[in-house]
Amino acid sequence: MSNLQPVRGTHDLMFDDIRRHRLVEDTAFEIAGRYGYGEIATPVFEATEVFTRTLGDTTDIVTKEMYTFETKGGERITLRPEGTAGVARAFISEGLAQQVPLKFFYREAMFRYERPQKGRQRQFHQIGVELIGVPGPQADVEVIALGHHILTALGVAGNIKVEVNSLGDGESRTAYREALIGFLGGHLQTLSPESRERLERNPLRILDSKDPADRALVADAPRYTDYLNAASKDFFQAVQDGLTRLDVPFIVNPGLVRGLDYYSHTAFEFTTDALGAQGTVLAGGRYDGLIPSMGGPAAPGVGWAAGVERLAMLIPEPPPAVRPVAIIPVGENESAVAEKLAHDLRKQGFAVDLGYGGNMGKRLKRADKVKARVALILGADEVRDGVITLRDLDSGAQRKLPMAEVAAALKS
RNA sequence: GCGGGUGUAGCUCAGUUGGUUAGAGCAUCGGUUUGUGGUACCGAGGGUCGCGGGUUCGAGUCCCGUCACUCGCCCCA
């Protein structure tokens, strides 16, 4: 077992990496709280149907990309590949329909059996919000503005584009889908082989194909906006007006689509070109059909999820670790005094580093390594006189002061 | 799932047309300095050359397989 490696697509998070991670999560949590979103933690695994019932026949996802297994008791279980289905399931199981509107925030690990790339692991982390029970466009606006607010607070919004689109209601989508299939079906030879397959399974996805021939064809295809009915147009306009009012910069991307039927109206993505092919940093939309499709009440919803790893990569500087106070005892007897001092200071809220051995030089070196801000030197002289030597490790200045005044001096 | 690139010390990398005991910087440890860190100087430790097989008198170097990472495609709930 000497060649132990982490399982493909998984990573150990520590030091700077996890500080970046926590900065993303904590910032998002704090700001979501200002908008009234409370945290929810759903189970890491769910009954497989929780995901398959909503994903339908989009076979790649179901067959290729879910971690599904059978338990000893014969249950079919899937590690959650995304957060919304679990929240929707909780909404149904906990009978929360009486309590709408409900606002949830989550920060959790997700699992997808995909080929790892930059910004794409098999175990990864998402933050996300769900706003359930509000049918009107102000909910979409709030959720998008919240996403933008979080990215701004993280200092990464400058590199990010906010793209929005409307999928309209069910009637609009059916009409558009037919028109699109009709048009593309007349140009089968021009379509890329991949898109020819998508034509039956997931025609809307052809709109965001990367193939140049597809793109040229799509430019002449019927436009989604022309097939939105009046109600859908009004809804989309209200979303855009709301975003403008809140100074959220956005562009309308008519090629931005969702493959699944439970989505309606607003779809949006926050993208960057700093991460190669994995440019989507936050994505969401309105899912009025999701909860009903899982057997729940007719509760509308809108939300998004963002990749913590991707956001963490965009943060230029990881937040610094806490700078402790280092206590440096010089001899054996002084060590006991130092342990007591460390304990007292920690109880008062200070971060204290106390090494486990070594002479003064070694201990100062260690203090430097843990980036201590000050060293409290405790030798025989100090103990005898009831004082301590306080050395500022940045300036090198040091002075003696009575033991009783240490805590006060450290606060300044 | 498909195609390309890369695997040499803890990290970043060098290593000639195949040729002796595989190198550097950083990091680590020790010393100059047993009451003063960072800087400097001196020294030391640390390598199954990703793994397995093959070609060869001889492989870090060439070939095959495999694993991992990486870039793109597919997918992106």
Does the side chain of Arg198(A) pick up a donor-acceptor pair with the side chain of Ser195(A) at under 3.5 Å? yes
List the residues meeting side-chain hydrogen bond (donor to acceptor under 3.5 Å, both in side chains) with Glu75(A), not counting sequence neighbours, and say none if there are none. Thr71(A)
Look through every strand shown and name the nucleotide pairing with G18(B) as Watson-Crick or G-U wobble, where both distances are under 3.5 Å. none
Taking the C1' atom of each, how far is U55(B) from A59(B), in whole Å? 10 Å
Going by purine N1 to pyrimidine N3 plus the second Watson-Crick contact, or the G-U wobble pair, all under 3.5 Å, which nucleotide sits opposite C2(B)? G72(B)
Could a donor-acceptor pair under 3.5 angstrom be found where the side chain of Arg363(A) meets the base of G37(B)? no
Find the partner of G43(B): check Watson-Crick (N1-N3 plus N6-O4 or O6-N4) and G-U wobble (N1-O2, O6-N3) distances, both under 3.5 Å, and reply none if neither fits. C29(B)
Side-chain H-bond candidate by donor/acceptor type, Thr389(A) with Glu382(A), under 3.5 Å: yes
Can a donor-acceptor pair be found between the side chains of Thr78(A) and Thr68(A) at a distance below 3.5 Å? yes
For nucleotides U12(B) and U8(B), find the distance between their P atoms and express it as a whole number of Å. 8 Å
Would you say Thr84(A) and Glu130(A) are linked by a side-chain donor-acceptor pair, where the criterion is simply a distance under 3.5 Å? yes
Pairing partner (Watson-Crick or G-U wobble, both distances under 3.5 angstrom) of C13(B): G23(B)
How about Glu163(A) and Thr271(A): does a side-chain donor come under 3.5 Å of a side-chain acceptor? yes
Has the side chain of Thr266(A) got a donor or acceptor atom that lies under 3.5 Å from a matching backbone atom of Arg286(A)? no
Each nucleotide in nucleotides 25-34 of chain B should get exactly one letter: B, S or -. Can you fill that in based on protein heavy atoms under 4.0 Å? -----SS---
pair_partner(U48(B)), Watson-Crick or wobble, both distances < 3.5 Å, evaluates to none
Can you tell me, in whole Å, how much space there is between the C1' of A24(B) and that of G47(B)? 14 Å
U36(B) pairs with which nucleotide, Watson-Crick or G-U wobble, both distances below 3.5 Å? none
Counting only distance, no hydrogens or angles, is the base of G38(B) paired donor-acceptor with the side chain of Asp368(A) under 3.5 Å? no
Scan the side chains in residues 201-208 of chain A for donor-acceptor partners under 3.5 Å anywhere in the protein, sequence neighbours excluded, and list what turns up.
from	atom 1	to	atom 2	distance (Å)
Arg205(A)	NH1	Asp208(A)	OD2	2.9

Separation between the C1' atoms of U6(B) and U61(B), rounded to whole Å: 15 Å
G50(B) and A22(B), which share atom name P, separated by this distance in whole Å: 15 Å
Could you tell me how far A14(B) sits from U28(B) if I compare only their P atoms? Round to whole Å. 24 Å
Charged N to carboxylate O below 4.0 Å: is that the case for Glu142(A) and Lys103(A)? yes
Now, which nucleotide makes the Watson-Crick or G-U wobble pair with G7(B), with each of the two distances under 3.5 Å? C67(B)
NZ/NE/NH1/NH2 to OD/OE distance under 4.0 Å, Asp353(A) and Arg366(A): yes
Lys/Arg N to Asp/Glu carboxylate O, Glu114(A) vs Arg122(A), below 4.0 Å: no
Identity of whatever pairs with C62(B) - Watson-Crick or G-U, under 3.5 angstrom: G54(B)
G58(B) versus G19(B) - spacing of their C1' atoms, nearest Å: 7 Å
Each nucleotide of nucleotides 69-77 of chain B classed B (base within 4.0 Å of a protein heavy atom), S (only sugar-phosphate) or -, in 5' to 3' order, makes SBSBBBBSB
For nucleotides C49(B) and C11(B), find the distance between their P atoms and express it as a whole number of Å. 15 Å
Heavy atoms within less than 4.0 Å of RNA chain B: which residues of residues 379-388 of chain A have one? Give them sorted by number. Gly379(A), Ala380(A), Asp381(A), Glu382(A)
Could you tell me how far apart Met360(A) (CE) and G38(B) (P) are, to the nearest whole angstrom? 13 Å
Identify whether the distance between the nearest side-chain nitrogen and carboxylate oxygen of Arg399(A) and Asp392(A) falls below 4.0 Å. no
Could you work out, with side-chain hydrogen bond (donor to acceptor under 3.5 Å, both in side chains) as the rule, every residue matching Arg20(A), not counting sequence neighbours? none
